[in-house]
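In this chain, residues are counted from 1 in sequence order. When a ligand or atom number is given, it counts from 1 through the structure's own listing order. This one's a predicted model, so the numbers in the text were calculated from it and none came from an experiment.
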Amino acid sequence: MSTLVIKDLHASIGEKEIVKGLSLTIKSGEVHAIMGPNGTGKSTLAKVVSGHPDYTVTGGDVLLDGVSILTQEADERARAGLFLAFQYPSEIPGVSIANFLRAAVQARMAEGEEIDATAYYKRLYAKMDMLKIDRKFTSRSVNEGFSGGEKKRCEILQMAMLEPKFALMDETDSGLDIDALRIVSEGVNTLRGPNLGVLMITHYQRLLNYIVPDFVHVMWDGRIVKSGDKSLALELEAKGYDWVKKELAAATA
Ligand code: ADP
Ligand code: MG
């Protein structure tokens with residue numbers, strides 16, 4: 001069993017503090033959802049945890065299985081078992097998905113260790129079958145001319161191949177259409193299991209109808225201000241975020 005512990009995390013961009021003392025513990029097998037209004041720091045949190053170089057951590061810690069990952073570069077964190085699903089994945093013309101994934105898997109292996117081509121394709125095809133992805137898909141260039149749904153399919157396949165301990169999925173502003181929504185939720189539900197912890201970041205309750213979280217957290221102004229189970233998401237849908245704001249105001253008054 002693995003744990004990802006975010007402890008009183010503070011992070012800034014330039015002079016501006018965006019994450020303001022956020023704590024959260026995720027264990028393997030759990031799906032956590034973070035919800036919250038726009039501009040509250042959800043995407044920043046995902047980027048800081050995964051090691052985006054634009055952000056400065058000014059306090060607190062992030063521990064993967066008890067080891068602080070804050071001094072690690074993004075690629076080291078990925079090797080340690082973190083996966084960040086990008087809100088806006090890049091296109092890589094001329095590189096097929098099969099070769100891209102192969103490079104990604106190779107990059108995760110120890111130095112001097114070589115990927116076995118036969119075993120790699122066997123595993124790739126097994127994952128594709130599991131996710132019901134057509135074989136033709138992997139000969140296409142990465143994200144080139146992809147629909148929103150195809151980008152998500154590529155991302156989920158990447159996640160399946162890399163077998164991360166924790167996946168951070170920021171779907172907030174991606175304007176997932178119904179097709180993409182279905183692909184993400186079916187993918188996550190298929191990959192969900194005792195060895196994977198998921199942090200789903202979303203603005204919309206709708207996604208959580210498809211991926212039922214174990215825990216729901218409300219993020220407000222750089223911190224988690226409320227946590228609960230899946231019923232909290234429904235309450236937010238019904239009452240909106242103003243309700244949380246009023247509660248907060250009453251608590252601090
Ligand atoms: P959310 O994902 O919850 O909508 P973000 O993490 O994207 O929120 O943004 C939180 C705040 O940080 C916003 O006020 C946003 O303008 C600011 N911010 C995020 N990234 C940058 C950046 N690269 N430069 C300046 N401000 C940023
Ligand atoms: Mg966002």
Side-chain angles (χ1 to χ4, degrees), residues 4 6-24 26 31-62 69-70 73-74 77 82-90 143 148-149 151-152 155-156 159 166-177 180-181 183-185 187-188 197-211 213 215-228 232-233 235-237 239-249:
L4 180 67
I6 303 171
K7 231 197 288 193
D8 193 27
L9 188 68
H10 291 257
S12 307
I13 183 139
E15 295 291 295
K16 192 174 168 198
E17 183 171 60
I18 296 169
V19 179
K20 303 175 181 174
L22 185 142
S23 299
L24 179 67
I26 307 173
V31 175
H32 291 245
I34 291 190
M35 303 182 72
N38 273 327
T40 185
K42 302 182 300 297
S43 295
T44 301
L45 173 70
K47 286 189 241 176
V48 169
V49 172
S50 55
H52 195 291
D54 286 357
Y55 301 87
T56 314
V57 173
T58 54
D61 210 345
V62 180
I69 58 169
L70 287 182
E73 302 287 329
R77 297 185 199 197
L82 278 188
F83 178 84
L84 177 70
F86 288 104
Q87 226 170 325
Y88 303 107
S90 317
N143 290 322
K151 284 184 182 167
K152 289 292 153 188
E155 183 181 278
I156 293 286
M159 187 170 141
F166 294 97
L168 311 177
M169 313 190 72
D170 186 358
E171 308 297 344
T172 312
D173 307 302
S174 53
L176 291 188
D177 56 41
L181 191 73
I183 288 161
V184 170
S185 42
V188 170
V198 177
L199 182 60
M200 276 313 303
I201 293 174
T202 183
H203 186 70
Y204 301 106
Q205 198 272 332
R206 193 173 61 155
L207 183 63
L208 304 181
N209 290 336
Y210 300 92
I211 303 170
F215 302 94
V216 174
H217 311 276
V218 180
M219 190 165 171
W220 191 283
D221 193 22
R223 328 181 165 81
I224 286 173
V225 295
K226 203 172 177 64
S227 296
L232 179 56
E235 213 166 347
L236 283 169
E237 173 90 336
K239 299 190 194 168
Y241 289 112
D242 282 349
W243 156 65
V244 179
K245 198 170 160 184
K246 283 190 196 116
E247 268 200 7
L248 270 177

Legend entry - Which segment of M219 sits under 4.0 Å of ligand 1 when only heavy atoms are counted: neither

Legend entry - Proximity to ligand 1 by part of I18, non-hydrogen separation under 4.0 Å: side chain

Legend entry - Proximity flag T40 to ligand 1, non-hydrogen atoms under 4.0 Å: yes

Inset, instruction - Answer with yes or no whether K47 contacts ligand 1, where contact means a heavy atom under 4.0 Å from a ligand atom. - result: no

Inset, instruction - Taking both backbone and side-chain atoms into account, decide whether S43 has an N/O/S atom under 2.8 Å from the Mg ion (ligand 2). - result: yes

Legend entry - Backbone or side-chain N or O of G39 under 3.5 Å from ligand 1 N or O: yes

Inset, instruction - Mind checking the NZ-CD1 spacing from K47 to I13? Nearest 0.5 Å is all I need. - result: 7.5 Å

Any idea which atoms of ligand 1 are less than 4.0 Å away from a heavy-atom of [X]?
X   : result
N38 : 4 (O)
Y55 : 20 (N)
K42 : 1 (P), 2 (O), 3 (O), 4 (O), 6 (O), 8 (O)

Legend entry - Contacts of D61 that satisfy salt bridge (charged side-chain N to carboxylate O under 4.0 Å, His left out) - sequence neighbours left out: none

Using modelled atom types only, decide if a donor and an acceptor are shared between the side chain of [X] and the backbone of [Y] within a distance under 3.5 Å.
X    : Y    : answer
S227 : H217 : no
K42  : G36  : yes
R77  : L70  : yes

Legend entry - Close side-chain approach of V49 and L199, heavy atoms under 4.5 Å: no

Inset, instruction - Using a 4.5 Å cut-off on heavy atoms from C-beta on, say whether the side chain of L236 contacts that of W243. - result: yes

